S.K.: 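This is the structure I have questions about; it appears just below.
Because the structure is predicted, anything quoted here is derived from the model rather than measured.
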Amino acid sequence: MSLSIIKIFKANTFIVLLTVYVLSHFLVININIAEWGDSYRILRSALSIETQGDYPDDEKRPPLMAVVLALRPDSIDPLMWGRAVTFVIGLASFILFYILARYLVTQVFRDEDLFNTKTYYLVLVSVLYMFNPVLFYWSLRVMTDVLFLFFVLAVFTVYYVYPKKHMKYVLLGVLVGLSVLTRFEGYILGISIGLGLIVELLQRKNVREFLANAISFSVSSLVFVLPYLVYRNPFGSSYLDEPQGRAYDLNMVLVFLVSFLFLMGITGAFSVVFKNMQFFKQNYTLSIFLVLQTALVLLWPAAVPRLFMPVIPFLVIIIALNFIAVLSQRQRLQYAAAYCLLT
């Protein structure tokens, strides 16, 4: 009986994990009676678009999240609609994360005899993603973070998985353009793809391919970004004034480190930094984004740990890979070390 259940689970791993995600998030979707002040500003902007066809001049955030929320049916309460939208976006983000994690584990565990290892890995990495405290909480809030996380995962899913190379950078440009319209960090995502193209040029020495990809990426992203740049200068945003007056001292660094250890665990955090240098070298575009996004967290300590959201899925993937690699050695000491990775 138990063997039959295990076989059914292995054959339907994704469906089971998707069900767990839906139930665990849906059951607590209204656990908070009120939202954050920023959430109500986004809802106000959505209402302005919906009723007046205009985006408020005093709103510092890019408009895409408000535009999505402005599609609300008249019969639905704005707050409930916002929570439903973020729930659906969070679910879509989990699906993209699963696709990306499955691709990466296939690259690591190529031997078909390790099918069980792949299954255990996908279960582990999905559970760590679903119940990461920062991802779990902020995926239920009516904020722009969950939509930006979706675009980050979509960008790297297309970057790694999409098979048609001549169309890949067009899609990447579209996704980066939409991410810029979601959060200011979208520019970091675009810079990361651009720097990754330059590294690729230096490695392959193929100027024609570089120019084709760079033009495809630039044009498709500017189609979305340029009208917004004309409408509102991002460098005049009040976001850039927020770091002014903050004390950048040892306390700020300690807050950053404590937040990082809270997210990943002590041994897990060290395993990410020291055990995976080869992974970071091979995946240079992803590494550039992780470094730039993490550096941004240092500049905006008031938003810690929320700004870690776009980074967490990739660190979870790396920690799970470490965990499975240790378990595969089948030695007691390494089992103990693998357990510590989850602390």
Side-chain angles (χ1 to χ4, degrees), residues 15 18-97 130 134-155 157 171 174-186 220-221 223-234 237-239 303 306 309-310:
I15 300 299
L18 197 65
T19 303
V20 172
Y21 181 94
V22 170
L23 291 177
S24 62
H25 286 67
F26 182 76
L27 290 175
V28 295
I29 194 170
N30 285 322
I31 195 169
N32 283 30
I33 298 176
E35 291 286 337
W36 289 76
D38 288 346
S39 301
Y40 291 108
R41 289 185 63 89
I42 295 170
L43 291 170
R44 183 204 65 160
S45 300
L47 184 62
S48 177
I49 295 172
E50 185 181 346
T51 58
Q52 304 174 23
D54 189 27
Y55 194 65
D57 292 332
D58 61 346
E59 180 53 61
K60 61 184 179 180
R61 294 167 188 80
L64 185 58
M65 185 65 179
V67 171
V68 173
L69 295 178
L71 301 175
R72 176 182 65 91
D74 294 336
S75 58
I76 301 180
D77 176 74
L79 182 57
M80 287 304 302
W81 172 250
R83 290 177 177 175
V85 168
T86 54
F87 172 80
V88 171
I89 295 172
L91 180 61
S93 299
F94 173 72
I95 294 172
L96 289 173
F97 172 79
M130 280 189 276
V134 174
L135 286 180
F136 191 97
Y137 177 81
W138 288 104
S139 65
L140 296 172
R141 304 277 65 82
V142 185
M143 300 282 277
T144 58
D145 302 86
V146 65
L147 182 58
F148 182 69
L149 174 63
F150 169 81
F151 286 125
V152 169
L153 291 169
V155 162
T157 301
L171 285 174
V174 171
L175 291 169
V176 166
L178 292 173
S179 74
V180 169
L181 297 180
T182 303
R183 285 188 67 83
F184 191 82
E185 295 99 294
S220 57
S221 59
V223 167
F224 294 90
V225 176
L226 198 56
Y228 179 63
L229 293 179
V230 173
Y231 171 72
R232 181 171 296 181
N233 177 15
S237 172
S238 58
Y239 266 129
R306 180 165 54 91
M309 274 189 70

S.K.: Does a side-chain heavy-atom distance below 4.5 Å link Met80 with Asn30?
M.R.: yes

S.K.: Restricting to non-hydrogen atoms, name the atom on Arg306 and the atom on Val134 that form the minimum distance, rounded to 0.1 Å.
M.R.: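 Heavy atoms only, the tightest pair is CA-CG1, 4.4 Å.
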
S.K.: Looking only at heavy atoms, which two atoms of Leu96 and Thr157 are closest? And how far apart?
M.R.: O-OG1, 3.6 Å

S.K.: Taking the side chain as C-beta and beyond, is there a heavy-atom pair between Leu18 and Leu91 under 4.5 Å?
M.R.: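 The answer is yes, as the side chains (C-beta and beyond) meet within the 4.5 Å cut-off.
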
S.K.: Provide the closest heavy-atom pair for Glu35 versus Tyr40 in the form atom of the first, atom of the second, distance.
M.R.: N-OH, 3.1 Å

S.K.: Taking side chain as C-beta onward, heavy atoms only, is Leu43 less than 4.5 Å from Leu47?
M.R.: no

S.K.: To the nearest 0.5 angstrom, please state how far the CZ atom of Phe224 sits from the CG atom of Leu64.
M.R.: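 Interatomic distance, Phe224 CZ to Leu64 CG, rounded to 0.5 Å: 9.5 Å.
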
S.K.: Angle class for the Phe94/Tyr21 ring planes (parallel below 30°, perpendicular above 60°, tilted otherwise)?
M.R.: parallel

S.K.: Say you draw a straight line from CD1 of Ile29 to OG1 of Thr86; how long is it, rounded to the nearest 0.5 Å?
M.R.: 6.0 Å

S.K.: Please lay out, stage by stage, how Tyr55 and Ile49 fare under the test side-chain contact (heavy atoms from CB on, under 4.5 Å).
M.R.: CA-CA 6 Å; Tyr55 194 65; Ile49 295 172; 3.7 Å; yes

S.K.: Show the nearest heavy-atom pair for residues Ser39 and Met143, with the distance to one decimal.
M.R.: OG-SD, 3.3 Å

S.K.: Please round to the nearest 0.5 Å and tell me the distance separating atom CG of Leu71 and atom CD of Glu50.
M.R.: 8.5 Å

S.K.: In the structure I gave you, are the side-chain heavy atoms of Trp81 and Pro73 within less than 4.5 Å of one another anywhere?
M.R.: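 Contact flag for Trp81/Pro73 side chains = yes.
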
S.K.: For Arg41 and Lys60: C-alpha separation, side-chain torsions, deciding distance, then whether side-chain contact (heavy atoms from CB on, under 4.5 Å) applies.
M.R.: CA-CA 10 Å; Arg41 289 185 63 89; Lys60 61 184 179 180; 5.8 Å; no

S.K.: Could you walk me through whether Val142 and Trp36 pass side-chain contact (heavy atoms from CB on, under 4.5 Å), step by step?
M.R.: CA-CA 8 Å; Val142 185; Trp36 289 76; over 6 Å; no

S.K.: Which atom pair, heavy atoms only, marks the closest approach of Pro62 to Leu181?
M.R.: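 Nearest pair, atom of Pro62 first, then Leu181: CB-O, 3.1 Å.
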
S.K.: Using side-chain heavy atoms (C-beta onward) and a distance below 4.5 Å, is Arg183 in contact with Leu149?
M.R.: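 No, every pair of side-chain atoms sits at 4.5 Å or beyond.
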
S.K.: I need the Phe150 CZ to Ile95 CD1 distance, nearest 0.5 Å.
M.R.: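 Reported to 0.5 Å precision, the distance equals 9.5 Å.
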
S.K.: Check whether any side-chain N or O of Ser48 sits under 3.5 Å from a backbone N or O of Ser45 as a donor-acceptor pair, and report yes or no.
M.R.: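 No, the answer is negative, given that no donor and acceptor are paired below the 3.5 Å cut-off.
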
S.K.: Any side-chain heavy-atom pair from Phe97 and Leu135 closer than 4.5 angstrom?
M.R.: no

S.K.: With rounding to the nearest 0.5 angstrom, report the CD1 to CG distance, Ile89 to Asp145.
M.R.: 11.5 Å

S.K.: Would you call Leu140 and Asn32 a side-chain contact if the rule is heavy atoms closer than 4.5 Å?
M.R.: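 No, their side chains stay 4.5 Å or more apart.
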
S.K.: To check you understand the geometry: which heavy-atom pair defines the closest contact between Ser93 and Leu153, and what is its length?
M.R.: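 Closest heavy-atom pair between Ser93 and Leu153: O-CD1, 3.4 Å.
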
S.K.: Using a 4.5 Å cut-off on heavy atoms from C-beta on, say whether the side chain of Val152 contacts that of Met309.
M.R.: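 No, too far: nothing below the 4.5 Å cut-off.
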
S.K.: Going by the rule side-chain contact (heavy atoms from CB on, under 4.5 Å), which residues pair with Val88 if we only count those two or more places apart in sequence or in a different chain?
M.R.: none

S.K.: For Ile31, is the CD1 atom crowded, meaning more than 12 foreign heavy atoms sit under 6.0 Å from it?
M.R.: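 Check fails, neighbour count at 12 or below.
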
S.K.: Check the orientation of His25 and Phe136. Use parallel for under 30°, tilted for 30 to 60°, and perpendicular for over 60°.
M.R.: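 It falls in the tilted class, 30° to 60°.
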
